[in-house]
Number of protein chains: 2
Amino acid sequence: MTAESAVETLSYPAPDTACDLVQRGIDRGAMVTLFGRCAVEYEGRAESSLAPGDRHVTLKPDGAALVHTDEGQQPVNWQPPGCEHTVAVSDGTLLVRSTRETPAERLAITFERVAHAAAFDVSDPEDLALTGTEADLKERILDTPALVEDGLTPLATERETPAGAVDIYAEDAAGRTVVLELKRRRVGPDAVGQLDRYVEALARELHAETEVRGILVAPSVTDRARQLLAEKGLEFVSLEPP
Amino acid sequence: MTAESAVETLSYPAPDTACDLVQRGIDRGAMVTLFGRCAVEYEGRAESSLAPGDRHVTLKPDGAALVHTDEGQQPVNWQPPGCEHTVAVSDGTLLVRSTRETPAERLAITFERVAHAAAFDVSDPEDLALTGTEADLKERILDTPALVEDGLTPLATERETPAGAVDIYAEDAAGRTVVLELKRRRVGPDAVGQLDRYVEALARELHAETEVRGILVAPSVTDRARQLLAEKGLEFVSLEPP
DNA sequence: GGCTAAATATCGAGT
DNA sequence: ACTCGATGTTTAGCC
C-alpha cells in the first residue's frame, strides 16, 4: 500500500482490520465496498429485516449506501445520498451504519464474516449524455410542428395553468387553442387525466370563448387510455422521440 | 486461490488477467465487480454516452449490470436482469458488454485501466421482510373498518371494474356502495383521478340505482388533490400504515 | 420546503 | 409478451 495508490483491498480480513480500512476510506472520501455474510435492518419510512446472507455493500462518499444480493437490478436495502456512514467493531463483528434525519432513517449492517473489503479513490468529472427523452420529443415537435398537425403553431412551452405547466401551448390552423401533452413512451390513463386537467384549466381561464383542444402525443396508448380520450373528447397523435 | 475460496481478487491486473477472472466469474455464476477508468455507451430504449472516468461496475449472475459513479443512489448506466454478459480484450483494453433482445439493448464498457477486479461466490437464501406498505394499510382497515368510518363493511378486495381493480369494495351503514382507494403516503391529483375512474365505472355498472361513494385513504393529500376531491364529490380519510 | 412531473424509471401480478 | 398499478420509488425542476 503506497500513498499514491488509488485502491486498497483486503481479503478475509479480521473485523478490526476491515474496520480500519472502511474508516480510512470514509474519512478520505473514497468509495468503500464490502462483501461478506451479513444481516441488514432498516427503520424509517418503512421497516425491513433481512436475515444473514452473502451480499455486496457499497458506501459512497456522498452518503449513499447500497446493499446488493446476487439478484436484481435494485439494491435489496439502501440509503439515499446525504447520510452519514459509521463503522465499528462490537463483540468481534463488524457493524456498518448509515443514518440521516428528515426523514429519520437508519440502516444497520451486521457482518458475520467479511470476505473482502476495498476502498477506491474516485475521480469522475464526466456527465452522462442522454438522448431519446421527452425533451428530445419536444425539440422534434418545435422543429416540425406539422408532424403533429398541418398548420399547428407552437406559442409557448411550459405555459403555466392552475393545474400545472403545459408541455406545449399552441394554436391550430383555425386559430383554436391547442394543449399538447408529450410522453416518450406508451401511456396509460394517468397521462389522459393530466391532459384533461390542463384543458379544463385553460378553458376556464380563457372563459371558453374559443374551444380548447387537447392532444396527447406519444408512441402509443393503452386501451383504457384510448377509451378515456374518447370520453373526454381529447385527441391522440402517434409520434416517437428522434 | 484455492478451490473452496469464495472470493477471487486482483489489483491493477493486466487486461488479459482481468479478462480471465471476469470470464471465470461469469461462467461459474459469481458476482463480478470491476473498478477502474472506463467509458460507457448505451443503446436501446434511449441512447447515452459517458466519457472516461473512475467507476465501479457490477455484473450479477442473473444478468443484471450496474455502473456506479461516486455519487447518487442510482447507477449512471445499467442493464436489467436477463442480459448476457461478455468480456474480451481488444487492442490491449478490457471490454465488457451486456446485451439483451426484446427490447434490443446494448451496454458497452471500455476500460482504459482496471484498478481492481473481483469475483464473489454468493449464497443468499433469505427474503426481505418489509412492513409499513400499502398492503399493511389494507390489512389494518380490513381488521378495523371503523378506522375509516363507523358501520363500514368491506365486501371484497381487488374487485374488478372496467377501470381496473378497486383496493377495497365496501358498503356503508346506509347500504350505499363505497370504493376505497388506499395510498401509504401523501397523494397528489393522480390518485384522485384513479379513484374517480373507479367510482364512475362502478356507478355505470350498478346503473346508479344506489349512490357510489369514493373515499381516498392516505396519510394526507396535496392542496390540488383536495380541490379535485371536492370538485368530484369524493371524500378523504387520513390514515397511515401501522 | 412543498408540489409536480419525468424516468433507459423498476418491479410484480394478472391476462 | 403486454398491461397495469405500486414503489422505503428516485430525481429534477419550479413556486
Side-chain angles (χ1 to χ4, degrees), chain A residues 42-48 64 71-81 100 102-107 128 130-138 158 160-167 181-191 193-195 197-198 220-225 241, chain B residues 40 42-48 64-67 71-82 100-107 128 130-138 158 160 163-167 181-191 193-194 197-198 220-226 241:
Chain A
Y42 162 78
E43 277 184 28
R45 287 168 291 174
E47 291 181 18
S48 78
E71 288 184 348
Q73 175 176 348
Q74 294 301 121
V76 63
N77 277 114
W78 69 92
Q79 206 66 303
R100 68 163 173 172
T102 63
E105 287 185 304
R106 193 167 64 87
L107 187 70
L128 184 73
L130 178 68
T131 62
T133 63
E134 182 177 299
D136 293 317
L137 177 58
K138 185 192 287 184
E158 307 298 331
E160 283 302 331
T161 77
V166 166
D167 284 340
E181 175 64 25
L182 315 185
K183 298 291 172 187
R184 64 171 299 281
R185 58 172 186 164
R186 184 176 177 84
V187 296
D190 282 6
Q194 205 178 325
L195 175 58
R197 291 197 297 276
Y198 295 150
S220 63
V221 295
T222 65
D223 284 349
R224 282 182 186 162
Chain B
V40 187
Y42 162 78
E43 276 184 29
R45 289 167 290 173
E47 292 180 18
S48 78
L66 307 167
V67 181
E71 288 184 348
Q73 174 178 347
Q74 295 301 124
V76 63
N77 277 115
W78 69 90
Q79 205 68 302
R100 69 162 173 172
E101 324 289 331
T102 65
E105 287 186 305
R106 193 168 63 87
L107 187 69
L128 184 73
L130 179 67
T131 61
T133 64
E134 184 178 296
D136 294 318
L137 177 57
K138 185 192 290 185
E158 305 301 328
E160 284 300 330
V166 167
D167 284 338
E181 174 64 26
L182 315 184
K183 298 291 173 187
R184 66 171 297 282
R185 58 171 186 161
R186 183 175 177 83
V187 296
D190 284 6
Q194 204 178 327
R197 291 197 295 277
Y198 295 149
S220 63
V221 294
T222 65
D223 284 349
R224 281 184 185 165
R226 187 178 294 277

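Letters A, B, ... are given to chains in the order of the sequence lines, protein chains preceding strands, and every chain is numbered from 1.
Between B/Gln194 atom CD and D/dT3 atom C1' the separation is 14 Å, expressed in whole Å. Rounded to a whole Å, the CG atom of B/Leu137 is 14 Å from the C1' atom of D/dT7. A straight line from CG of B/Asp136 to P of D/dA6 spans 15 Å, rounded to a whole angstrom. B/Trp78 has its CH2 atom 10 Å from the P atom of C/dC11, to the nearest Å. Residue B/Glu134 contributes atom CD, which lies 10 Å from atom C1' of D/dT7 at whole-angstrom precision. Atom pair A/Gln74:CD and D/dT9:C1' shows a separation of 8 Å (rounding to whole Å applied). Between the P atom of D/dT9 and the CD atom of A/Gln73 lies a distance of 18 Å, rounded to the nearest Å. The separation between A/Asn77 atom CG and D/dT10 atom C1' is 16 Å, rounded to whole Å.
Between A/Glu160 and A/Val221, the residue anchored nearer the 5' end of DNA chain D, judged by the nucleotide with its closest heavy atom, is A/Val221. Comparing B/Pro81 and A/Lys183 along DNA chain C, the residue whose closest nucleotide (by nearest heavy atom) sits nearer the 5' end is A/Lys183. Between A/Gly72 and A/Ala135, the one whose closest nucleotide on DNA chain C sits nearer the 5' end is A/Ala135.
Here A/Gln79 lies in heavy-atom contact (under 4.0 Å) with a base. Nucleic acid contact for A/Leu128: base, since at least one base atom lies under 4.0 Å from a heavy atom of the residue. Residue contacts shown for B/Arg186 are limited to sugar-phosphate atoms, with no base heavy atom under 4.0 Å away. Using a 4.0 Å heavy-atom cutoff across all strands shown, B/Ala64 reaches no nucleic acid atom at all. Among the atoms of the strands shown, base atoms are found under 4.0 Å from some heavy atom of A/Glu105. The residue B/Thr102 sits close only to the backbone: its heavy atoms come under 4.0 Å of sugar-phosphate atoms, none of a base. Among the protein residues, A/Asp190 comes within range of no part of the nucleic acid, since none of its heavy atoms lies under 4.0 Å from any strand. Among the protein residues, B/Arg185 comes within range of the nucleic acid bases, having at least one heavy atom under 4.0 Å from a base atom. In this structure, A/Ala225 reaches neither bases nor backbone, as no heavy-atom distance under 4.0 Å exists between it and the strands shown. Among the atoms of the strands shown, only primed sugar atoms or phosphate atoms (P, OP1, OP2) are found under 4.0 Å from some heavy atom of A/Glu181.
Taking each heavy atom of A/Arg186 and A/Ser220 in turn, the nearest pair found is NH1-OG, 2.9 Å.
Taking the charged nitrogens against the carboxylate oxygens, A/Asp190 and B/Arg197 do have a contact shorter than 4.0 Å, which makes a salt bridge.
Listed pair B/Arg224 / C/dT4 meets the phosphate criterion, a side-chain N or O lying under 4.0 Å from OP1 or OP2. Checking the phosphate oxygens (OP1, OP2) of C/dC3, no side-chain nitrogen or oxygen of B/Arg226 falls inside 4.0 Å. At the phosphate of D/dT3, neither OP1 nor OP2 sits under 4.0 Å from any side-chain N or O atom of A/Thr222.
The same atom, C1', is picked in C/dT8 and in D/dC14; the two are 24 Å apart, to the nearest Å. Taking atom P on both nucleotides, D/dT7 is separated from C/dA7 by 22 Å, rounded to a whole Å. Separation of the P atoms belonging to D/dC4 and D/dG8 is 23 Å when rounded to the nearest angstrom.
Between the side chain of B/Asp223 and the base of C/dG2, no donor-acceptor pair under 3.5 Å is found.
Listed nucleotides D/dG8, C/dT8, D/dT3 differ in distance to A/Pro80; the shortest reach to its side chain belongs to D/dG8. Among the nucleotides C/dA6, D/dG5, D/dC15, the one closest to the side chain of A/Pro189 is D/dG5. Considering only side-chain atoms of A/Thr133, the nucleotide from D/dT7, C/dT8, D/dT11 that sits closest is C/dT8. Checking D/dG5, D/dT10, C/dA9 against every side-chain atom of B/Tyr198, the shortest atom distance belongs to D/dG5.
At distances below 3.5 Å, at least one donor-acceptor pair connects side-chain atoms of B/Arg184 with backbone N or O atoms of B/Gly132. Judged purely by atom type and a 3.5 angstrom limit, B/Arg100 has no side-chain atom pairing as donor or acceptor with the backbone of B/Pro81.
No more than 12 heavy atoms of other residues, nucleotides or ligands lie within 6.0 Å of CZ in B/Arg106, so this atom counts as exposed by the packing criterion.
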Problem set entry | Derivation of the side chain to side chain donor-acceptor pair (under 3.5 Å) call for B/Tyr42 and B/Glu105 | CA-CA 7 Å; B/Tyr42 162 78; B/Glu105 287 186 305; 2.6 Å; yes
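Here the straight-line distance linking atom CG of B/Leu130 with atom CD of A/Glu47 works out to 9.0 Å at 0.5 Å rounding.
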